[in-house]
Structure formats: C-alpha cells, structure tokens
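Here's the structure, in structure tokens; my notes come after.
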Protein chains: 2
Amino acid sequence: MTTTQTKKQQIYEAAARLFRDKGYSATSMRHLAEAVALKASSLYNHIGSKEELLRDICFENAHKYLSGLQAIAMTRDSNLDKIKSLIDLHLDMATEDITSVTAFNDEWRHLSEPWLSDFIQLRKDYEKGFLEILEAGMNAGEIHRADAHTLLYTILSSIRWLYDWRKPEKPMDTERIKQQISNFLVRGLVN
Amino acid sequence: MTTTQTKKQQIYEAAARLFRDKGYSATSMRHLAEAVALKASSLYNHIGSKEELLRDICFENAHKYLSGLQAIAMTRDSNLDKIKSLIDLHLDMATEDITSVTAFNDEWRHLSEPWLSDFIQLRKDYEKGFLEILEAGMNAGEIHRADAHTLLYTILSSIRWLYDWRKPEKPMDTERIKQQISNFLVRGLVN
C-alpha cells in the first residue's frame, strides 16, 4: 500500500466517522481536514469534494457486500450456512470497516442523481440475492417459514447497534459479541 | 379527548415524522406549521418551542416504556414470557405511535441539559430492568446463556427498521409482521 493510498483510506474513515456523528450535511471539509491533520488545501490533493467522498465510500462498500454475497451464493453450502456466512459478512464489515456505516445506515440518502438511483439498484440487487437464499432455505425446510422480507430487515437491523457503538464503557470483546449475535440470529432462523 | 388535546397529538406526530425524515436541526417551526395546516402564530397556541416539543415527546415515550416494563416485571409470568411481552411492547410502540421513533432513535440526542442527562438516566433505568429479566431468564435456564447487553441491543436494534419504513411498496400486514418478528427473536432466545 502506498502512502497516498493509506492517507486516502484514513480520510475515508475519518469522513465516515464524521458523517455518522454529525450527519453528512453538518460535516464540512474543514472538519475533515482537522480530523486527519491536514490543511484544507492539502486535503484536495487526495479527494475532489465531499460528495465525491460520499460516492466513493458508498459504492466501494456496496460492491464489497455484493461480491461477498456472490461468493457465498456460489458455494455448495446449505442455505442456512449461506445465511450464516452473510450474517458474518455484516458483522465483520460493521466491526472492521467503519466506512461501511455510511453505506449501511442513512448517509447514502445524500447522494445526488444519477448515483442515488445506481446505489439504490445495488441495494436492491443485494437484497434480492439475500431473499433468494432465505426462500430457498425455507423451501428446503432448513429455515422456519416466514415472510422473507421481514426476516431480512430484522436480521440487517439487528446488528445496526454495532455501528452506533460510540463509547463503550469497556472495550468490546468483538469476536465474542459477533459469535453471540450470530448464534442468536441463527437459532431464530433454524427450523 | 378535547379538540385541543387532539391537535396537540397531531402536532407531536407531525413533529416526530419531520424529525425522522429531515432531522431535528433541519426541521423548522414553519415546516411543522405547514404539516399541521396552521399558521406559525397559531402553532404557538399549542406548543412553546421546538425544544419543548422534543422534550415532551421524549419524556412521554420514556415514561410509556418504563411503565410498560414495570407492569410486565410485576407479573408472575416466566422470564421468557416477560421478555416476549417486552418485545411486543416495542413492536406495538413502533407500529402504533410514530412519536416513539423520536425517543427510540437518535433525535433525543438534541435535548439540552438538564433534560439530556435525565433522559439518559431513564434509558439506563429501562435497560437495567430489561437486563435483569434477561439474566433471571438465563439463571432459570429459560434463556440461552449469552452476554445480556449483546442480547438487549440486538433485540432493540432488530425492530428499528419498522420505524424507518417510509414507503412500503405494499401496505404492511402489521399484525403478521409483528408476530413473525416476535417468533424469530423468541426462538433465538429460548434455551
């Protein structure tokens, strides 16, 4: 990784944190420059604009989720194991890459057209793939039958608190927490 | 219910919707007046200020959750059944009272002191009561043993999507969705 790439990743992470804590609209390039200890003029050597930053973060994450889904869907695992892998994918993204919060929660709503529509389409593609596995799992008797949309939104929503975990009173034992959430959700799904 | 009370409730509901969709900071009294078809000057016959409105909504909901918890804790139900009732309380509040979103999601962060500290204390009291039932359920062997905080946050987070459900493509079959979420979570908890 070159120094430029490292700096760019630092900027992405700082931006994602600011967007989450202040909201996209209230975050200025000056806040961002301060957060990464750069002058505003130097910041523009690395990134074009706040909106370009939002776009890069949103689409990079959307593609990570989609390629994760595609890799999981292609395995010969049972449908239940595929869902387990998808839950792990979300838990890993939530705990390892702070920029995923921007794409996952609400900040993507600030994208302008045509990017907003493109992003919404990627989300729909992702949800469609996830729903297909849930439904295949129900048809195979592996997953308790229920409305697949309800299960999907409940699963995705259930890990949202991990993104908002700002000031833990004690450091998180991340691996243990991920394991317990995954077990809880899988027990809820299994037939 | 008098007409004044009805109007006040309408104003609360319109405010909660605006706070959710635009954010508290970006919502003006003019937006609110438009939403309830009043002149800004008439709006002040019903409410004092935007901040007072936020306070009323947050504390009214916090007390509803707390009194619900107290009533449930006092029953002679099993711990698992108490948790089931708490899940139902959240599902009912999420689907029946739009103002609960303000207290449940992020808008309460805009409260000023001393109300912010008071509100955080009420949330802590609520979480403490919920955690005690979870732990009693684990000790009684009714609930699968796990970190109670992880279970609590995962349960509360899991129904958050119901609040953000803005434009359903088809009308929600609310009772069925509530039942399915509840079943899914309870299956995940049970030992």
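Reminder, nothing fancy here: chain letters follow the sequence lines and each chain counts from 1. Just so it is clear, the model here is predicted, and its values are computed rather than measured. Below, all heavy atoms of this structure are taken into account, side chains as well, without hydrogens, waters or symmetry copies.
Under the 4.0 Å criterion applied to side-chain N and carboxylate O atoms, A/R55 and A/E60 are not assigned as salt-bridge partners. Electrostatic pairing of A/K128 and A/E132 counts as a salt bridge here, judged by a charged N lying under 4.0 Å from a carboxylate O.
Most heavy-atom pairs under 4.5 Å with chain A: of the set B/I155, B/N183, B/I181, this distinction falls to B/I181. Between chain A and the options B/L151, B/I159, B/L189, heavy-atom pairs under 4.5 Å are most frequent for B/L189.
Residue contact with chain A, scored on non-hydrogen atoms closer than 4.5 Å, is absent for B/V186.
At least one donor-acceptor pair closer than 3.5 Å links the side chain of B/S157 to the backbone N or O of A/S157.
Taken from OG1 in A/T99 to OH in A/Y12, the straight-line distance is 9.0 Å, to the nearest 0.5 Å.
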